[in-house]
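One structure below.
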Amino acid sequence: MPQPAAVKVNVYNATDKAGLAARTADELRKRGFVVDKVGNAPAALANKVPGSAQILSGPGGLGAATLLLSQVAAATSTEDGRADATVDFVIGDTFNALADPAQAAAALAELTKPSPSPEPGHC
């Protein structure tokens with residue numbers, strides 16, 4: 001799992017709430033993430049993000065996407081075709097704030113917990 005300092009994230013607001021991307025970007029910076037672009041979501045996503053957030057990443061950013069998923073409750077993750085490891089954090093209509101650091105750590109532990117393997121003979 002990458003450390004926040006190794007994650008380059010773009011923060012986009014897909015809601016009508018002014019300033020949400022900037023406030024969220026500031027909070028992600030405080031948690032050690034490298035924030036690149038901040039602004040309104042592309043028109044294709046405006047007011048179309050269900051839940052609190054949608055995390056978009058390419059194949060090289062799946063670890064970073066998992067780390068970001070742990071930072072917000074009820075977020076979804078979608079893989080796209082980008083070639084780099086950047087991740088887009090697109091804020092949805094039900095977003096209020098990032099999870100507190102303790103909740104984020106617990107969520108990350110749950111997201112990265114290995115699946116139990118079946119016991120031999122019990123398949």
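Sequential numbering from 1 along the given sequence is applied to the chain's residues.
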Note, [X] side chain near [Y] side chain (heavy atom, < 4.5 Å):
| X | Y | answer |
| --- | --- | --- |
| I91 | T24 | yes |
| K8 | F33 | no |
| L20 | F95 | yes |
| T78 | I55 | no |
| T86 | V9 | no |
| V38 | N10 | no |

Check [X] against [Y] and note the closest heavy-atom contact, atom names and distance.
| X | Y | answer |
| --- | --- | --- |
| V35 | A25 | CG2-O, 3.6 Å |
| A99 | A104 | CB-N, 4.1 Å |
| A97 | V72 | O-CG2, 4.3 Å |
| A107 | S70 | CB-O, 3.7 Å |
| V87 | A65 | CG2-N, 4.0 Å |
| V34 | A5 | CG2-O, 3.3 Å |

Quick check for you: to the nearest 0.5 Å, what is the distance between [X] atom [atom1] and [Y] atom [atom2]?
| X | Y | atom1 | atom2 | value |
| --- | --- | --- | --- | --- |
| M1 | L108 | CE | CG | 5.5 Å |
| L56 | T76 | CG | OG1 | 8.0 Å |
| S57 | D84 | OG | CG | 10.0 Å |
| R23 | L98 | CZ | CG | 11.5 Å |
| S52 | F89 | OG | CZ | 7.0 Å |
| K48 | Q54 | NZ | CD | 12.0 Å |

Not counting sequence neighbours, list each pair that qualifies as a salt bridge (Lys or Arg N to Asp or Glu O under 4.0 Å) and has a residue in [range].
| range | answer |
| --- | --- |
| residues 92-111 | E110-K113 |
| residues 67-82 | D80-R82, R82-D88 |
| residues 60-71 | none |

Joint cluster assignment, V49 & L68, ILVMFWY side-chain distance < 4.5 Å: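 No, V49 and L68 fall in different hydrophobic clusters.
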Shared hydrophobic cluster for L28 and L111 (ILVMFWY, side-chain gaps under 4.5 Å):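 Both belong to a single hydrophobic cluster.
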More than 12 heavy atoms of other groups within 6.0 Å of K37 NZ: no
Exam field: side chain N13 to backbone K17, donor-acceptor pair closer than 3.5 Å: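 Confirmed, N13 side chain pairs with K17 backbone.
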